[in-house]
Amino acid sequence: MTLGVSEYIPLFAAAIPFIYFLIVLYSASRYFAQARNAPQSASDFTPPVSNLKPVRGLDPEAYENFASLCRQDYPEYELIFCATDLTDPCVSVIQRLMQDFPDRKIRLLCSAGHTAINDKVAKLRLMEREAQYETLVINDSDVRVDPGYLRRVVAPLADPHVGGVTCFYVSAHDRSLVECLQTVGMISDFYAGVLVAWQLDGVHFALGPTMVSTKQRIAGFGGFQALENRPGDDLLFGRLIAEQGYEMKLLPSAVETVPDFKGIHELLAKRLRWMTVMRNMRPWGHFGLLFTWGLPWAILAVLIHPTIAVGAFYLGGYAAFRVAITWLIGVRGLKQKGVWKKMPLIPFWDALAFLIWLASFTRSSIRWRGVTYQLKNGEFVSPTRDLASSAYSHTKGDS
């Protein structure tokens, strides 16, 4: 059967994701090859560190997450938590931490009196002001690390051209089908985009589970108050450091995060929140994702011309590229075990991710930690719940 001109156009468009997949493979191969051959950062560069930890609510396995930061092989550091107030359920866990690690400098701040729309960033502003040391390490409450974490993420700052550091993150465990689905999505989809961004533009972003810099570099972009009304504070953190002419370093090693969602509904809500933020921050780039969705384009090609040859080329090509990408990033690059067993979930994830991308065009708000935030012109509008009251702190250890 001869194809008409009108049929060639969608078939050509359906092949565009393959170009993107090739760019992903090239970017990932180049990144991990450079990482393997890069000289080791100076492990003896250990300036005193203030580890900032904004918290809200109680994450699963919170005590072990927090305790991992108390077991660091690092000569001098303090650990600063910031909750909204002392009624937060995470406070009792932090107080237990203070009792179990009496030799560690641990402080708990409460920031109920802030006026910022972005609760997390307001807490970071308070913690930075109270931090004893110049070098700052920021990580999310669901992060769990090994004893060499602080040495590893701080070491690149020995180079005066490096202004910030971030790193990948992986799930601490995959005990359910939904958790396996998230892991597949992170490795095959999210990190694919991260590595393409690295290839095309360098590291002009940070990933929330680990953000490292100094008070001086943060002051250079106007301090955390410059991020208070902005979504995607982690992405902007890295971008604003890079715009000062400093290098943002993306480390090939990964920290662990404990899954903080229950069931497919919460996972999809989490993904939709992120996609909605990206649409507001980078509207044209977000629309451009249309040409990265291999599965719907492959299905469209087969529906337009249902032959064995077309099916083999588009569906077979899609499957081969997606498996290769997941293997290269997850197995060869990040050294994750059990990735092969999760690969059958790739098409399921891609279908869900495509539908979420479509849904993101209908959203003008996000919901995080019980608060609904309206988005307008790339900024937050006032949340639906008033977070203001007085600020105070509870301190343990040296200050």
Side-chain angles (χ1 to χ4, degrees), residues 17-18 20-29 31-33 35-36 59-61 64-65 68 140 142-146 167-196 207 209-210 251-272 274-275 292-299 311-312 314-357:
F18 292 172
Y20 170 72
F21 293 156
L22 286 170
I23 296 172
V24 172
L25 289 171
Y26 174 75
S27 302
S29 297
Y31 171 82
F32 288 114
R36 286 192 300 271
D59 289 318
E61 304 177 33
E64 280 304 315
N65 297 342
S68 69
D140 290 338
D142 61 350
V143 167
R144 185 174 299 176
V145 298
D146 63 87
C167 66
F168 294 96
Y169 55 100
V170 295
S171 178
H173 51 69
D174 292 325
R175 296 173 180 168
S176 69
L177 183 64
V178 176
E179 291 175 0
C180 291
L181 187 64
Q182 179 192 255
T183 291
V184 161
M186 288 296 299
I187 292 173
S188 69
D189 181 8
F190 181 64
Y191 287 152
V194 165
L195 291 169
V196 169
L207 302 177
T210 294
L251 300 183
S253 57
V255 298
E256 293 184 337
T257 59
V258 177
D260 60 352
F261 52 87
K262 298 177 182 178
I264 188 69
H265 175 75
E266 290 189 7
L267 173 60
L268 297 183
K270 180 179 181 179
R271 173 75 176 189
L272 179 57
W274 174 249
M275 293 294 276
T292 68
W293 301 115
L295 180 61
W297 281 108
I299 293 174
Y314 285 94
L315 291 175
Y318 157 77
F321 272 122
R322 297 297 283 130
V323 167
I325 288 169
T326 307
W327 172 82
L328 179 58
I329 297 175
V331 179
R332 184 171 176 81
L334 298 178
K335 313 297 183 185
Q336 295 300 293
K337 298 179 180 179
V339 174
W340 284 108
K341 297 179 181 179
K342 302 180 181 76
M343 287 190 184
L345 293 173
I346 293 173
F348 186 43
W349 170 263
D350 284 353
L352 289 174
F354 175 67
L355 294 175
I356 292 170
W357 175 75

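Model, not experiment: these values are computed from the prediction.
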**OP:** Kindly state each residue pair satisfying salt bridge (charged side-chain N to carboxylate O under 4.0 Å, His left out) with at least one member in residues 324-339, sequence neighbours excluded.
**Re:** none

Original post:
Would you say Trp349 and Arg271 make side-chain contact, with heavy atoms under 4.5 Å?
Top reply: yes

**OP:** Provide the closest heavy-atom pair for Leu334 versus Pro252 in the form atom of the first, atom of the second, distance.
**Re:** CD2-O, 3.4 Å

Subject >> Test item: Ser29 side-chain N/O and Tyr26 main-chain N/O as donor-acceptor pair under 3.5 Å >> reply: no

**OP:** Over 60° means perpendicular and under 30° means parallel, so classify the ring planes of Tyr318 and Phe21, tilted if in between.
**Re:** tilted

**OP:** Considering non-hydrogen atoms only, spot the tightest contact between Val258 and Ala172 and give its length.
**Re:** CG2-CB, 4.1 Å

**OP:** Answer yes or no: is there a side-chain heavy-atom contact under 4.5 Å between Leu295 and Phe348?
**Re:** no

Original post:
Is there side-chain contact between Asp140 and Thr257, with heavy atoms separated by less than 4.5 Å?
Top reply: no

Original post:
For the residue pair Tyr31 and Phe168, does the interplanar ring angle fall in the parallel (under 30°), tilted (30 to 60°) or perpendicular (over 60°) class?
Top reply: perpendicular

Original post:
Is there side-chain contact between Leu352 and Ile264, with heavy atoms separated by less than 4.5 Å?
Top reply: yes

**OP:** Kindly write out the residues that satisfy salt bridge (Lys or Arg N to Asp or Glu O under 4.0 Å) with Glu64, not counting sequence neighbours, or none if the list is empty.
**Re:** Arg71

Subject >> Electrostatic pair Asp174:Lys341 at N-O distance under 4.0 angstrom >> reply: no

Original post:
Any sub-3.5 Å donor-acceptor pair from Arg322's side-chain atoms to Pro347's backbone N or O?
Top reply: no

Original post:
Met186 versus Gln182: any side-chain heavy-atom pair under 4.5 Å?
Top reply: yes

Original post:
Parallel, tilted or perpendicular: which describes the rings of Tyr169 and Phe190, with under 30° parallel and over 60° perpendicular?
Top reply: tilted

